[in-house]
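Ligands are counted one by one from 1 in listed order, and the atoms in each one are counted from 1 as well.
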Amino acid sequence: MAEFSIIETYFNRQRASKQVDLGIGDDSAVLSPPAHHQLVICADTLVAGRHFPINTPAHAIGWKAVAVNLSDIAAMAAKPHSILLALSMPTVDHDWLQGFSDGLYACCERYGVQLIGGDTTQNPHLSLTVTAMGWIEHGKAVLRSGAQVGDLIVVSGRIGDAAFALQHPGHPLQKRLDYPTPRCELGLQLQGLASSMIDISDGLVQDLGHILAASRVGAQVELNQLPIDPHLQSLAEKLRWQYALAGGDDYELCFTISQENYQKLLALQPQVTTSVIGHIQAQPGLSFTLNGKAQPLQLHGYQHFA
Ligand code: ADP
Ligand code: MG
(Lines give C-alpha, C1' and ligand atoms only; values in the text may rest on other atoms or scores of the structure.)
(Ligands and ions follow the chains in the order given, each with its own letter.)
Protein backbone atom coordinates (compact mmCIF):
# COMPACT_ATOMS: atom_id res chain seq x y z
CA MET A 1 0.00 0.00 0.00
CA ALA A 2 1.42 3.33 -1.02
CA GLU A 3 2.05 6.07 1.48
CA PHE A 4 -0.67 8.29 0.05
CA SER A 5 -3.34 5.62 0.38
CA ILE A 6 -2.34 4.95 4.02
CA ILE A 7 -2.78 8.64 4.70
CA GLU A 8 -6.04 8.77 2.76
CA THR A 9 -7.44 5.68 4.54
CA TYR A 10 -6.36 6.30 8.11
CA PHE A 11 -5.22 9.86 8.67
CA ASN A 12 -7.49 12.10 6.69
CA ARG A 13 -10.59 12.50 8.83
CA GLN A 14 -10.92 16.16 8.07
CA ARG A 15 -13.08 18.43 10.07
CA ALA A 16 -13.53 22.13 9.76
CA SER A 17 -11.39 23.87 12.31
CA LYS A 18 -10.70 27.44 13.14
CA GLN A 19 -7.31 28.76 12.10
CA VAL A 20 -6.63 25.83 9.71
CA ASP A 21 -6.58 27.30 6.22
CA LEU A 22 -5.07 24.17 4.70
CA GLY A 23 -4.76 20.74 6.33
CA ILE A 24 -3.50 17.40 5.00
CA GLY A 25 -2.81 17.07 1.29
CA ASP A 26 -0.31 19.71 0.26
CA ASP A 27 3.38 20.10 1.03
CA SER A 28 2.65 21.91 4.29
CA ALA A 29 -0.34 22.92 6.35
CA VAL A 30 -1.27 26.59 6.57
CA LEU A 31 -2.53 28.15 9.81
CA SER A 32 -3.73 31.64 10.73
CA PRO A 33 -2.87 32.35 14.36
CA PRO A 34 -5.50 34.33 16.28
CA ALA A 35 -4.59 38.00 16.76
CA HIS A 36 -2.35 38.82 19.73
CA HIS A 37 -1.44 35.18 20.37
CA GLN A 38 1.82 33.27 20.39
CA LEU A 39 2.37 29.80 18.94
CA VAL A 40 3.27 27.20 21.58
CA ILE A 41 4.84 24.09 20.04
CA CYS A 42 6.43 20.86 21.29
CA ALA A 43 7.26 17.33 20.14
CA ASP A 44 7.57 13.98 21.86
CA THR A 45 8.64 10.63 20.42
CA LEU A 46 7.34 7.25 21.54
CA VAL A 47 9.52 4.26 20.64
CA ALA A 48 8.04 0.75 20.91
CA GLY A 49 9.57 -1.23 23.77
CA ARG A 50 11.07 1.90 25.23
CA HIS A 51 8.16 4.24 25.92
CA PHE A 52 5.41 1.62 25.88
CA PRO A 53 5.44 -2.19 26.21
CA ILE A 54 5.56 -3.93 22.83
CA ASN A 55 2.13 -5.57 23.43
CA THR A 56 0.32 -2.27 24.13
CA PRO A 57 -2.94 -2.14 22.11
CA ALA A 58 -2.65 0.06 19.01
CA HIS A 59 -5.62 2.17 20.17
CA ALA A 60 -3.81 3.07 23.40
CA ILE A 61 -0.60 3.92 21.53
CA GLY A 62 -2.56 6.31 19.29
CA TRP A 63 -4.20 7.99 22.28
CA LYS A 64 -0.99 8.24 24.26
CA ALA A 65 1.09 9.67 21.39
CA VAL A 66 -1.29 12.65 21.31
CA ALA A 67 -1.94 12.86 25.05
CA VAL A 68 1.70 13.19 26.13
CA ASN A 69 2.11 16.15 23.80
CA LEU A 70 -1.10 17.89 24.86
CA SER A 71 0.18 17.55 28.42
CA ASP A 72 3.22 19.67 27.46
CA ILE A 73 0.94 22.29 25.89
CA ALA A 74 -1.26 22.29 29.02
CA ALA A 75 1.84 22.80 31.19
CA MET A 76 2.40 26.17 29.49
CA ALA A 77 -1.24 27.18 30.20
CA ALA A 78 -1.85 27.21 26.44
CA LYS A 79 -4.86 26.02 24.45
CA PRO A 80 -4.06 23.00 22.27
CA HIS A 81 -4.93 23.43 18.61
CA SER A 82 -3.40 20.91 16.20
CA ILE A 83 -0.87 18.12 15.78
CA LEU A 84 1.51 16.66 13.20
CA LEU A 85 2.24 12.93 13.16
CA ALA A 86 5.53 11.38 11.99
CA LEU A 87 4.98 7.64 11.86
CA SER A 88 7.71 5.01 11.23
CA MET A 89 6.56 1.40 11.09
CA PRO A 90 8.00 -1.91 9.95
CA THR A 91 5.03 -3.17 7.91
CA VAL A 92 1.59 -2.01 6.78
CA ASP A 93 -0.62 -3.79 9.31
CA HIS A 94 -4.22 -2.70 8.68
CA ASP A 95 -5.62 -3.86 12.00
CA TRP A 96 -2.88 -1.99 13.79
CA LEU A 97 -3.35 1.16 11.69
CA GLN A 98 -7.12 1.09 12.27
CA GLY A 99 -6.72 0.77 16.05
CA PHE A 100 -3.92 3.32 16.18
CA SER A 101 -5.75 5.95 14.12
CA ASP A 102 -8.98 5.40 16.11
CA GLY A 103 -7.08 6.00 19.36
CA LEU A 104 -5.29 9.03 17.96
CA TYR A 105 -8.54 10.61 16.73
CA ALA A 106 -10.32 9.76 20.01
CA CYS A 107 -7.77 11.85 21.88
CA CYS A 108 -7.91 14.61 19.25
CA GLU A 109 -11.70 14.79 19.56
CA ARG A 110 -11.67 14.76 23.36
CA TYR A 111 -9.40 17.80 23.41
CA GLY A 112 -10.66 19.60 20.27
CA VAL A 113 -7.43 19.16 18.33
CA GLN A 114 -6.96 18.52 14.60
CA LEU A 115 -4.36 16.37 12.80
CA ILE A 116 -3.09 18.70 10.07
CA GLY A 117 -0.14 16.80 8.57
CA GLY A 118 2.79 14.51 9.11
CA ASP A 119 5.06 11.98 7.52
CA THR A 120 4.83 8.22 6.99
CA THR A 121 7.91 6.03 6.55
CA GLN A 122 8.92 2.40 6.71
CA ASN A 123 11.46 1.49 9.37
CA PRO A 124 12.31 -1.80 11.16
CA HIS A 125 11.34 -0.25 14.49
CA LEU A 126 7.93 1.25 15.35
CA SER A 127 8.33 4.86 16.38
CA LEU A 128 5.95 7.82 16.54
CA THR A 129 6.67 11.49 16.85
CA VAL A 130 3.80 13.87 17.45
CA THR A 131 4.29 17.61 17.24
CA ALA A 132 1.59 19.58 19.05
CA MET A 133 0.72 23.22 18.56
CA GLY A 134 -1.35 25.54 20.68
CA TRP A 135 -2.06 29.23 21.14
CA ILE A 136 -1.55 31.50 24.07
CA GLU A 137 -2.29 35.16 24.52
CA HIS A 138 0.93 37.09 24.13
CA GLY A 139 3.09 36.93 27.26
CA LYS A 140 0.75 34.63 29.22
CA ALA A 141 2.72 31.36 29.06
CA VAL A 142 3.44 29.89 32.50
CA LEU A 143 7.13 28.96 32.67
CA ARG A 144 9.16 26.73 34.97
CA SER A 145 11.09 29.71 36.24
CA GLY A 146 8.47 31.71 38.14
CA ALA A 147 8.18 29.94 41.52
CA GLN A 148 8.34 32.33 44.50
CA VAL A 149 9.30 31.65 48.10
CA GLY A 150 6.10 30.98 50.06
CA ASP A 151 4.14 29.64 47.07
CA LEU A 152 2.15 26.46 47.50
CA ILE A 153 3.16 23.40 45.48
CA VAL A 154 0.12 21.71 43.97
CA VAL A 155 -0.39 18.60 41.83
CA SER A 156 -3.47 17.54 39.88
CA GLY A 157 -5.16 14.13 39.98
CA ARG A 158 -3.17 11.24 41.43
CA ILE A 159 0.47 10.30 40.99
CA GLY A 160 2.16 6.88 40.86
CA ASP A 161 -0.70 5.02 39.16
CA ALA A 162 1.01 4.54 35.81
CA ALA A 163 4.31 3.34 37.30
CA PHE A 164 2.41 0.89 39.49
CA ALA A 165 0.40 -0.37 36.49
CA LEU A 166 3.60 -0.94 34.51
CA GLN A 167 4.65 -3.44 37.19
CA HIS A 168 1.14 -4.97 37.47
CA PRO A 169 -0.19 -5.61 33.95
CA GLY A 170 -3.96 -6.08 33.81
CA HIS A 171 -4.54 -4.18 37.06
CA PRO A 172 -7.50 -1.72 37.02
CA LEU A 173 -4.94 1.10 37.02
CA GLN A 174 -3.67 -0.08 33.60
CA LYS A 175 -5.86 2.56 31.97
CA ARG A 176 -3.91 5.28 33.75
CA LEU A 177 -0.78 3.99 32.00
CA ASP A 178 -2.36 3.41 28.58
CA TYR A 179 -4.74 6.37 28.48
CA PRO A 180 -3.14 9.34 30.23
CA THR A 181 -5.47 12.34 30.58
CA PRO A 182 -3.67 15.61 29.85
CA ARG A 183 -5.02 18.35 32.11
CA CYS A 184 -5.76 20.84 29.35
CA GLU A 185 -8.76 22.52 31.04
CA LEU A 186 -6.87 22.96 34.32
CA GLY A 187 -3.81 24.28 32.49
CA LEU A 188 -5.93 27.00 30.89
CA GLN A 189 -7.56 27.90 34.21
CA LEU A 190 -4.09 28.40 35.69
CA GLN A 191 -3.21 31.11 33.21
CA GLY A 192 -2.59 34.27 35.21
CA LEU A 193 -2.75 32.29 38.49
CA ALA A 194 0.15 29.79 38.64
CA SER A 195 3.64 31.22 39.12
CA SER A 196 5.34 28.19 37.51
CA MET A 197 4.22 24.88 36.04
CA ILE A 198 5.46 21.60 34.55
CA ASP A 199 3.79 18.36 33.58
CA ILE A 200 4.89 15.26 35.47
CA SER A 201 6.30 12.79 32.96
CA ASP A 202 9.48 11.61 34.70
CA GLY A 203 8.22 11.45 38.28
CA LEU A 204 7.37 14.29 40.66
CA VAL A 205 10.83 14.57 42.21
CA GLN A 206 12.61 14.98 38.91
CA ASP A 207 10.02 17.32 37.38
CA LEU A 208 9.55 19.47 40.49
CA GLY A 209 13.36 19.56 40.49
CA HIS A 210 13.22 21.31 37.09
CA ILE A 211 10.98 24.02 38.56
CA LEU A 212 13.30 24.46 41.55
CA ALA A 213 16.39 24.72 39.34
CA ALA A 214 14.78 27.14 36.88
CA SER A 215 13.33 29.28 39.69
CA ARG A 216 16.45 29.06 41.92
CA VAL A 217 14.46 28.06 44.99
CA GLY A 218 13.97 24.99 47.20
CA ALA A 219 10.93 23.06 48.38
CA GLN A 220 9.49 21.10 51.25
CA VAL A 221 7.02 18.33 50.47
CA GLU A 222 4.75 16.59 53.00
CA LEU A 223 4.53 12.88 52.16
CA ASN A 224 1.12 12.50 53.76
CA GLN A 225 -0.34 15.02 51.32
CA LEU A 226 0.70 13.15 48.16
CA PRO A 227 -2.45 12.23 46.20
CA ILE A 228 -2.20 8.45 45.98
CA ASP A 229 -4.84 6.11 44.56
CA PRO A 230 -6.58 3.80 47.08
CA HIS A 231 -5.14 0.84 45.12
CA LEU A 232 -1.67 1.90 46.27
CA GLN A 233 -2.61 2.55 49.89
CA SER A 234 -1.98 -1.05 50.95
CA LEU A 235 1.64 -0.98 49.77
CA ALA A 236 4.52 -0.43 52.18
CA GLU A 237 5.09 3.32 52.63
CA LYS A 238 8.49 3.36 50.92
CA LEU A 239 7.19 1.55 47.87
CA ARG A 240 4.16 3.84 47.65
CA TRP A 241 6.38 6.91 47.76
CA GLN A 242 8.71 5.37 45.22
CA TYR A 243 5.82 5.06 42.73
CA ALA A 244 4.37 8.47 43.54
CA LEU A 245 7.64 10.40 43.53
CA ALA A 246 9.86 8.65 41.02
CA GLY A 247 7.54 6.53 38.88
CA GLY A 248 6.84 8.64 35.84
CA ASP A 249 4.21 8.60 33.08
CA ASP A 250 1.72 10.46 35.30
CA TYR A 251 0.94 13.35 32.93
CA GLU A 252 -0.48 15.36 35.79
CA LEU A 253 0.34 19.03 36.29
CA CYS A 254 2.64 20.26 39.07
CA PHE A 255 2.44 24.00 39.67
CA THR A 256 3.33 26.65 42.20
CA ILE A 257 0.80 29.28 43.18
CA SER A 258 0.26 31.89 45.88
CA GLN A 259 -2.25 31.12 48.62
CA GLU A 260 -4.50 33.89 47.28
CA ASN A 261 -4.43 32.65 43.69
CA TYR A 262 -5.07 29.09 44.82
CA GLN A 263 -8.34 30.27 46.37
CA LYS A 264 -9.20 31.90 43.04
CA LEU A 265 -8.49 28.61 41.26
CA LEU A 266 -10.74 26.67 43.64
CA ALA A 267 -13.51 29.20 43.01
CA LEU A 268 -13.31 28.20 39.32
CA GLN A 269 -14.17 24.63 40.42
CA PRO A 270 -11.65 22.70 38.30
CA GLN A 271 -12.93 19.33 37.03
CA VAL A 272 -9.88 17.52 38.37
CA THR A 273 -8.89 17.42 42.03
CA THR A 274 -5.83 19.40 43.08
CA SER A 275 -3.71 18.67 46.16
CA VAL A 276 -1.38 21.01 48.01
CA ILE A 277 1.72 18.90 48.71
CA GLY A 278 4.16 21.44 50.05
CA HIS A 279 5.63 24.89 49.67
CA ILE A 280 8.51 26.75 48.08
CA GLN A 281 11.30 27.92 50.35
CA ALA A 282 14.50 29.89 49.90
CA GLN A 283 16.74 27.07 51.15
CA PRO A 284 17.85 25.14 48.04
CA GLY A 285 17.06 21.46 47.47
CA LEU A 286 14.03 19.31 48.06
CA SER A 287 13.25 17.99 51.53
CA PHE A 288 10.43 15.78 52.76
CA THR A 289 8.39 15.68 55.93
CA LEU A 290 6.07 12.99 57.26
CA ASN A 291 3.37 14.48 59.48
CA GLY A 292 5.57 17.54 59.83
CA LYS A 293 8.73 15.66 60.87
CA ALA A 294 11.80 15.58 58.62
CA GLN A 295 11.87 12.33 56.65
CA PRO A 296 15.02 11.54 54.65
CA LEU A 297 14.17 9.53 51.52
CA GLN A 298 16.18 7.19 49.34
CA LEU A 299 14.42 6.74 46.03
CA HIS A 300 15.58 4.38 43.29
CA GLY A 301 15.97 5.35 39.69
CA TYR A 302 17.07 8.93 39.91
CA GLN A 303 19.98 10.98 41.11
CA HIS A 304 19.05 13.03 44.13
CA PHE A 305 20.04 16.62 43.65
CA ALA A 306 21.36 18.87 46.38
P1 ADP B 1 5.89 15.39 1.00
O2 ADP B 1 6.46 14.30 0.15
O3 ADP B 1 5.69 16.68 0.30
O4 ADP B 1 6.58 15.52 2.33
P5 ADP B 1 3.97 13.50 1.84
O6 ADP B 1 3.67 12.66 0.64
O7 ADP B 1 4.93 13.02 2.87
O8 ADP B 1 4.40 14.93 1.34
O9 ADP B 1 2.61 13.86 2.58
C10 ADP B 1 1.46 14.24 1.86
C11 ADP B 1 0.50 14.89 2.79
O12 ADP B 1 0.10 13.98 3.77
C13 ADP B 1 1.11 16.08 3.54
O14 ADP B 1 0.08 17.05 3.69
C15 ADP B 1 1.49 15.49 4.85
O16 ADP B 1 1.48 16.47 5.88
C17 ADP B 1 0.41 14.44 5.05
N18 ADP B 1 0.86 13.28 5.86
C19 ADP B 1 1.84 12.38 5.60
N20 ADP B 1 1.92 11.42 6.54
C21 ADP B 1 0.97 11.73 7.45
C22 ADP B 1 0.54 11.13 8.68
N23 ADP B 1 1.12 10.02 9.17
N24 ADP B 1 -0.46 11.74 9.33
C25 ADP B 1 -1.03 12.85 8.86
N26 ADP B 1 -0.70 13.44 7.73
C27 ADP B 1 0.29 12.91 7.02
MG1 MG C 1 6.18 17.87 -0.86
Side-chain angles (χ1 to χ4, degrees), residues 1-34 37-74 76 78-135 178-182 184 199 201 251:
M1 194 179 200
E3 183 195 342
F4 68 84
S5 52
I6 297 174
I7 298 161
E8 196 52 46
T9 309
Y10 298 105
F11 300 110
N12 206 1
R13 304 183 200 175
Q14 298 289 26
R15 63 184 185 92
S17 172
K18 274 192 199 162
Q19 293 116 17
V20 181
D21 301 308
L22 189 62
I24 292 170
D26 214 310
D27 294 306
S28 299
V30 180
L31 305 181
S32 293
H37 282 68
Q38 290 170 294
L39 171 66
V40 178
I41 182 164
C42 64
D44 246 325
T45 297
L46 298 184
V47 175
R50 184 114 167 252
H51 299 104
F52 55 86
I54 235 95
N55 59 0
T56 304
H59 190 277
I61 298 169
W63 174 284
K64 192 164 181 173
V66 180
V68 300
N69 280 281
L70 299 189
S71 182
D72 280 323
I73 298 285
M76 306 303 289
K79 188 173 171 55
H81 174 265
S82 44
I83 59 165
L84 300 168
L85 166 68
L87 175 60
S88 293
M89 52 190 179
T91 52
V92 178
D93 175 337
H94 290 284
D95 287 342
W96 190 88
L97 277 164
Q98 190 63 54
F100 173 80
S101 57
D102 285 348
L104 178 132
Y105 277 104
C107 192
C108 285
E109 268 154 42
R110 161 65 182 81
Y111 293 97
V113 161
Q114 190 177 346
L115 176 64
I116 58 167
D119 195 26
T120 307
T121 55
Q122 199 194 9
N123 186 57
H125 213 83
L126 175 64
S127 148
L128 315 123
T129 300
V130 169
T131 302
M133 287 147 293
W135 310 122
D178 288 346
Y179 290 92
T181 47
C184 295
D199 74 314
S201 52
Y251 302 104

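I116 places a side-chain heavy atom less than 4.5 Å from the side chain of M133. At least one side-chain heavy atom of I83 sits less than 4.5 Å from a side-chain heavy atom of C108.
Proximity of I7 to ligand 1, defined as any heavy-atom pair under 4.0 Å, is confined to the side chain (atoms from C-beta onward). At a 4.0 Å heavy-atom cut-off, ligand 1 touches D26 through the backbone alone.
D102 and R13 are joined by a salt bridge, as a carboxylate oxygen and a charged side-chain nitrogen come within less than 4.0 angstrom of each other.
Under the ring pair (Phe, Tyr, Trp, His ring centres under 6.0 Å) criterion, H59 pairs with Y179, not counting sequence neighbours.
For ligand 1, the polar-atom distance check finds an N/O of G25 within less than 3.5 Å of one of the ligand's N/O atoms.
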N/O donor to acceptor pairs below 3.5 angstrom from side-chain atoms of residues 90-97, sequence neighbours left out:
from: D93; atom 1: OD1; to: D95; atom 2: N; distance (Å): 3.1
from: D93; atom 1: OD1; to: W96; atom 2: N; distance (Å): 3.0
from: H94; atom 1: ND1; to: Y10; atom 2: OH; distance (Å): 2.5

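Within 6.0 Å of CD in E8 there are 12 or fewer heavy atoms belonging to other residues, nucleotides or ligands.
Each of the atoms 12 (O), 14 (O), 17 (C), 25 (C), 26 (N) of ligand 1 lies under 4.0 Å from some heavy atom of I24. Interface of F11 with ligand 1, defined as ligand atoms under 4.0 Å from a residue heavy atom, comprises 24 (N), 25 (C). Those atoms of ligand 1 that come under 4.0 Å of a heavy atom in D27, given as number and element, are 3 (O).
Scanning T120, L104, I6, I83 for the heavy atom closest to atom 23 (N) of ligand 1 points to T120.
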